[in-house]
Structures are given as structure tokens and as C-alpha cells.
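This report concerns only the one structure given below.
Keep in mind that the numbers below use all heavy atoms, side chains included, and drop hydrogens, waters and symmetry copies.
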Amino acid sequence: MAPRPHHPDPAFATTLAHGLSLLQCFGIGDSVLSNKELAERTGLSPATVSRLTYTLAARGLLRYDAQLRRYRLGSTTLALGYPLLATLRIRQLARPLMKQLADEIDGSVSLGLRDRTQMVYVETSRGHDAMAFRPDIGATLPMLPTAIGRAWLCTALPRESAPVLAALRKADQAEFRGQASALGRAREEMAEFGFCTSRGEWQSDIHAVAAPLPTRIDGEVMVFNCGVLGVRMTPSKLERQMGPRLLRMVAKVEAALRRSR
């Protein structure tokens, strides 16, 4: 990866941004990374990466595995996210309703919000079925091929969605062009039904629908989605059955939110 250009704003803390970019390199399939791998992924010099990983480890954000000679995320990263989760009261209000729907459809029901150019789950409930994809809190999903991402793009204000779409286009022009018609269909679905669908377009064996919560939470667009194995839920049933069921659940959450205020 080529080195990242300097930020034009002199108030921008470049060193802090570089440290955060190292933390963002870790994912489900990348639980341990070496300084060399971090340098390759961020475009930072080996010397800079070495200083940053040393500092992040000293602060508990990274942990050095001496046997593997690599770094993994430290427990402090989890502690940093807890205050956000704890203050999202919508999670407690929605949890029993999400679990009820998840059991009824033998799938998963999740609540998410946007994180840059992806969606992140802040609450999730699973039914009895063993799905190939078992989401959990903190799991991230791409925006363009998923129902939850499309629902956010269709719901957010133009001034909010425009920079996100521009970033998605810049990151992968081929994928953006390939998803253009699906995003157009999602806008039509949202206007007609109040929800968006993804018919195995992200994971081939999973069909999903997503709908936004009408009320923003701390200024954020929150989106509910539910996914089920495609062998059980045909594309036509998404619109006739699962979509309406999700909307009914969202309406109940919205009513509970109003009562709690």
C-alpha cells in the first residue's frame, strides 16, 4: 500500500490517526499481525509502525505475543467500546422483541449503525437454527451488498450518504458499478415497502431484509435486519412474509422507545 497523503487540516493529529489505522487492520481473520504486515497494510514505514505498536501495547490497546512474535488486540480496545454500548438504551428495549422474531424465523435479528463505509452490529439475537454466518456484537458488514447497508443508504439524508457513496466508489469502482442496479432497486423497495432486501448477494446462502428505526438515536440512523437460510426463505417470501414481520417488530420497538421517554 502506498503511503497515505498528509491531511490538509493542520489541526488533524496525524500520529493519532496512524495509530488508529493500525488498530483497524485487525479483523476476524487477522487476529495476530506482525509489524511488517501492519506496515504493508497501512503504508507506514517500519520504524513508524514499530514506535506505534510499542506505544499501543504500553497502553493496553495491543498485546505482544512473544511466541508468535506478533501483536493482537488488547483488552483495552474492548473496554473503550463498552460505554457506547451501555448508553444505547435501545438495545435493552429491542432485545426481547428481536429474540422473539429470531426464534420465529429460525434466523438472526440484529441492530446496527454505520461505521465509516460499513455497518456494525450493536445488538444481535439468534434463533435455534445453525446458520453459516452467526453474527455477534461488533461484527461489521459491507454496505453495498447487504440489506442493512442498503437500508442505511436509503434512509440517511443526502448530505450524510453522499460522502459515504463517494468513499465506496473510490475504494472499489468495479464493485460500486456492479451494485448500482441493486442499490436502485433498494431505493424502490424502501419507497414501496419500507424495507430493503438482499437475496444472497453478500452470502449466497443467506437472504435478508432490513428496515430503519424511525427515530434517530443520538443523531444516528439505526437499522434492524433479519437474515435466514435461503433454502427456507425464497426471494418472494422476503417481501410477503419476512419484511412485514420485521416492520411489525420495528413498530413495537418504536412504541416502546416512545413510552420510555
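Looking at heavy atoms from C-beta onward, V250 lies in side-chain contact with P214 at the 4.5 angstrom threshold. Inter-residue side-chain proximity for R116 and Q24 is flagged as met; some heavy-atom pair is nearer than 4.5 Å. R59 is not listed as a side-chain neighbour of T76, based on a closest heavy-atom distance of 4.5 Å or more. For the pair L111 and V223, the minimum side-chain heavy-atom distance is 4.5 Å or more. Put simply, the side chain of E123 reaches to within 4.5 Å of the side chain of I137, judged on heavy atoms. Inter-residue side-chain proximity for L22 and L33 is flagged as unmet; no heavy-atom pair is nearer than 4.5 Å. Taking 4.5 Å as the limit, some side-chain heavy atom of P212 sits within range of a side-chain heavy atom of M190. Side-chain contact between L62 and L23 is present, with heavy atoms from C-beta onward closer than 4.5 Å.
For S260, the side chain to side chain contact (heavy atoms under 4.5 Å, CB included) partners two or more places apart in sequence, or in a different chain, are R89, L93, L257. Scored by the side chain to side chain contact (heavy atoms under 4.5 Å, CB included) test, A58 finds no partners at all (sequence neighbours excluded). The ring-ring contact (aromatic ring centres under 6.0 Å, His included) search around F193 returns F195, not counting sequence neighbours. Taking T87 as the reference, nothing meets the side chain to side chain contact (heavy atoms under 4.5 Å, CB included) condition, with sequence neighbours excluded. For K36, the side chain to side chain contact (heavy atoms under 4.5 Å, CB included) partners are S34, E40, not counting sequence neighbours. The side-chain hydrogen bond (donor to acceptor under 3.5 Å, both in side chains) check on T77 picks up nothing, with sequence neighbours excluded. Residues that satisfy the side-chain hydrogen bond (donor to acceptor under 3.5 Å, both in side chains) test with T124, not counting sequence neighbours, are S110.
Considering every non-hydrogen atom in both C196 and C154, the closest pair reads SG-SG, 4.0 Å. Considering all non-hydrogen atoms of both residues, P158 and P163 come closest at O-CD, 4.4 Å. Pairing each heavy atom of L247 with each of A211, the nearest pair is CD2-CB, 3.7 Å. In terms of heavy-atom proximity, L85 sits nearest to R91 at O-NH1, 3.0 Å. The shortest non-hydrogen separation linking L238 to M242 is CD2-CE, 3.4 Å. In this structure, A151 and A210 approach most closely via the heavy-atom pair CB-CB, 3.9 Å.
Counting only residues at least two apart or on different chains, the ring-ring contact (aromatic ring centres under 6.0 Å, His included) pairs with a member in residues 58-109 are Y64-Y71. Listed by first then second residue, pairs satisfying salt bridge (charged side-chain N to carboxylate O under 4.0 Å, His left out) with a partner in residues 20-32 read D30-R41, not counting sequence neighbours. Within the structure, the side-chain hydrogen bond (donor to acceptor under 3.5 Å, both in side chains) test picks out the following pairs touching residues 215-227 (sequence neighbours left out): Y121-N225, E160-R216, T215-E254. Legend: salt bridge (charged side-chain N to carboxylate O under 4.0 Å, His left out) pairs involving residues 69-79, not counting sequence neighbours, sorted by first then second residue: E37-R70, D65-R72.
Across R95, Q100, K99, a single residue satisfies side-chain contact (heavy atoms from CB on, under 4.5 Å) together with L97, and that is Q100.
Grouping the Ile, Leu, Val, Met, Phe, Trp and Tyr side chains by contacts below 4.5 angstrom, directly or via other members, places L157 apart from V164. Following chains of ILVMFWY side-chain contacts shorter than 4.5 Å, one cannot reach Y54 starting from V32, and the two form parts of different hydrophobic clusters. No path of Ile, Leu, Val, Met, Phe, Trp and Tyr side chains, each step under 4.5 Å between heavy atoms, connects L73 with L68, placing them in separate hydrophobic clusters.
With hydrogens and angles disregarded, no donor-acceptor distance shorter than 3.5 Å links the side chain of R114 to the backbone of V221. At least one donor-acceptor pair closer than 3.5 Å links the side chain of T53 to the backbone N or O of S50. At least one donor-acceptor pair under 3.5 Å links the side chain of S21 to the backbone N or O of H18. S204 places no side-chain N or O within 3.5 Å of a backbone atom of G200 that could act as its donor or acceptor partner.
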Test side-chain contact (heavy atoms from CB on, under 4.5 Å) applied to T42 and T48, step by step: CA-CA 11 Å; T42 60; T48 297; over 6 Å; no
Criterion salt bridge (Lys or Arg N to Asp or Glu O under 4.0 Å) on R248 and E104, from CA distance to verdict: CA-CA 13 Å; R248 288 193 292 271; E104 290 174 357; over 6 Å; no
Test log, rule side-chain contact (heavy atoms from CB on, under 4.5 Å), inputs V228 and I206: CA-CA 6 Å; V228 69; I206 302 295; over 6 Å; no
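Between R185 and E192, no side-chain nitrogen of the basic residue sits less than 4.0 Å from a carboxylate oxygen of the acidic one, so the salt-bridge criterion is not met.
Atom SG of C226 and atom CG of L101 lie 5.5 Å apart (nearest 0.5 Å). The distance from the CZ atom of F224 to the CD1 atom of I90 is 5.0 Å, given to the nearest 0.5 Å. With rounding to the nearest 0.5 angstrom, the CG atom of L61 is 11.5 Å from the CG atom of L78. The CG atom of L144 sits 6.5 Å away from the CG atom of L153 when rounded to the nearest 0.5 Å. Atom-to-atom distance recorded for L213:CG and T155:OG1 is 10.5 Å, nearest 0.5 angstrom.
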Could you go through residues 167-184 and list every donor-acceptor pair under 3.5 Å that involves a side-chain atom there, pairing it with any protein atom two or more places apart or in another chain?
from : atom 1 : to   : atom 2 : distance (Å)
D172 : OD1    : A174 : N      : 3.3
D172 : OD1    : E175 : N      : 3.0
Q179 : OE1    : R150 : NH2    : 3.0

